[in-house]
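Beneath this line is the structure, given in structure tokens, with notes to follow.
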Amino acid sequence: MNLIDTPISQKLSFRQSVDAMVDRAAPYVSAPPGLIEEIKACDSVIKIQFPVRMDNSEYRVFTGWRATHSAHRQPVKGGIRYASAVDQDEVEALAALMTYKCALVNVPFGGSKGGLKIAPRQHSVNELERITRRFARELIQHGYLSPSGNVPAPDMGTGEREMAWIADTYRQMHPHDINYLGAVTGKPVSAGGIRGRTEATGRGVMYALREFFRHPEDVKQAGLNGTLAGKRIVIQGFGNVGYYAAKFLAEDDAIIIAVIERDGAIINHEGLDIDDLAAHFHATRSLKHYPGGAYQTDGAACLEMECDILIPAALENQITAENAHRIQAPLIVEAANGPVTFEADNLLREKGKLVLPDFFVNSGGVTVSYFEWIKNLQHMRFGRMQRRLDEYRAEGIVQALEEMTGKPVPQHLKQRITQDADELAMVRSGLDDTMRLAYQEISETFHRHPDIQDFRTAALVVSLNKIVDTHLQMGT
Ligand code: GLU
């Protein structure tokens, strides 16, 4: 079914909204009849209900889902979300976004996503561990979790701790699988994780924006000019993605003028001190009473503030047909998954706003997950073989230059030549390269097709072309 022409009064679900975006891109993709429908369809989804004993001995039944959207490449990949509002439609929509995300950034995985209906803050750590291990066991037993088939990662409400429990559960059930660490990514570094994964999504947002500002014609298209330095940014969401994006963008001299959270927003037109705000937020779990800015209870209203860049980094469904016409920012950078609905996307385009789409902007997480998975399969940290070799060579170059010229190499140049390529430096370089290349492909497609009006459609065309190619090469 083509959803593009659905009347605005008939609200699309998250899943339908993602599908409608694909429908809009489909005419620019050359594919045999029916193949785009095949790609859009969610391959399979499992709903699991399982009991867990609470600390007070009571039994509680939990409901979780894992959707495999497209297994055109394997393993399929995507996070596990813990939230009380999770449902099947959301998990399927997020799984679909993972398919388009992986294809866009050349991560050779299909798309998947999991969700557990739970309010994690209402449980003790012991309960959370029992619930997570039980959910993992169910997923493993039903064939929805393994290093070669389906590899989860953190998402909203989950993090390193949950991933370590999942990896350990998989290891217990498959004691002879030498690649057990590759069953899940986003693990603590001491438990087989990779340096730089925690902040990867936020860092990717910064790399995405840096690359955007290297394209003056695109910057102009958004009605902006210059570089990232001095741009006034509003960020919605101060969780893992929002915090790191804010921090790295501020380090690049952008000015974070507002941070919006569940319970309100904090505003400072001179620019917020992100680490100071984070310390307050972690201590009090609220932005309220932060002395470095003005507090406003109506957080959602701040999405409509005058600024250069708006970064929704919280939940889906934040910019809708209801508030889209009030958005003032000329550039909207989707760090969350699905923050702009299909209807709102159309309204923003009509108003000349430029939206950098979620499955590009937040792809840093899965990109570094891919590096982690490779590290797990190769059983060796990146750089272990060549790090010292590079160092000796670099020292040799410096020595040769000094002997030949009779002058010392200036310290700042020496530092660049002998820069240490440890695992973190490699992860950052791989992430930066990935974000740059993906942006270039999107921008090139946008400019090549005069009929394509927005970057989301251009990005979907890039992804769909790659997925179609894989299908055609593979046959059915
Ligand atoms: N949950 C993250 C996302 O939405 C990361 C997925 C992964 O690393 O597999 O992209």
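Computed from a prediction, not measured in an experiment: that's the story for all the values here. When a ligand or atom number is given, it counts from 1 through the structure's own listing order.
- Nearest-residue assignment for atom 2 (C) of ligand 1 (options S363, A153, P154, P75; heavy-atom criterion): P154.
- Here the protein heavy atom with the shortest distance to atom 8 (O) of ligand 1 is S369 OG, 2.6 Å.
- Close contacts of ligand 1 with G365, meaning ligand atoms under 4.0 Å from a residue heavy atom, involve 8 (O).
- Each of D469, T99, I39 was scored for a side-chain contact (heavy atoms from CB on, under 4.5 Å) with H72, with one residue passing: T99.
- Summary of contacts: the protein heavy atom closest to atom 5 (C) of ligand 1 is R197 NH2, 3.5 Å.
- For ligand 1 and M98, the ligand atoms under 4.0 Å from any heavy atom of the residue are 3 (C), 4 (O), 6 (C), 10 (O).
- More than 12 heavy atoms of other shown residues, nucleotides or ligands fall within 6.0 angstrom of atom CZ in R326.
- Taking every non-hydrogen atom of K113 and a distance limit under 4.0 Å, the qualifying atoms of ligand 1 come out as 1 (N), 3 (C), 4 (O).
- Remark: distances from the non-hydrogen atoms of E372 to ligand 1 are all 4.0 Å or more.
- Taking the charged nitrogens against the carboxylate oxygens, E423 and R195 do have a contact shorter than 4.0 Å, which makes a salt bridge.
- Applying the 4.0 Å criterion to heavy atoms of K101 picks out, from ligand 1, the atoms 3 (C), 4 (O), 10 (O).
- Against a heavy-atom cut-off of under 4.0 Å, N337 is close to the following atoms of ligand 1: 4 (O).
- A salt bridge is absent between K375 and E372; no separation between the charged side-chain nitrogens and carboxylate oxygens falls under 4.0 Å.
- Here's the thing with T185: none of its N/O atoms is less than 3.5 angstrom from an N/O atom of ligand 1.
- Residues Q88 and E92 meet the side-chain proximity criterion, which asks for heavy atoms closer than 4.5 Å.
- Under the 6.0 Å distance and 45° angle rule, R66 does not count as a cation-pi partner of Y144.
- For a threshold of 3.5 Å applied to N or O pairs, the pair formed by D155 and ligand 1 contains at least one separation below that value.
- Shown in contact with G79 at under 4.0 Å from a heavy atom are these atoms of ligand 1, numbered in order with element: 1 (N), 6 (C).
- Counted within 6.0 Å of CD on Q122, heavy atoms from surrounding residues, nucleotides or ligands total 12 or fewer; the atom is thus considered open.
- More than 12 non-hydrogen atoms from other residues, nucleotides or ligands lie less than 6.0 angstrom from CZ of R448.
- What sits closest to atom 9 (O) of ligand 1 on the protein, heavy atoms only, is K77 NZ, 2.8 Å.
- The G78 neighbourhood of ligand 1 comprises atoms 9 (O), with distances under 4.0 Å to a heavy atom of that residue.
- Remark: the backbone N or O of A103 is paired with a side-chain donor or acceptor of K466 at under 3.5 angstrom.
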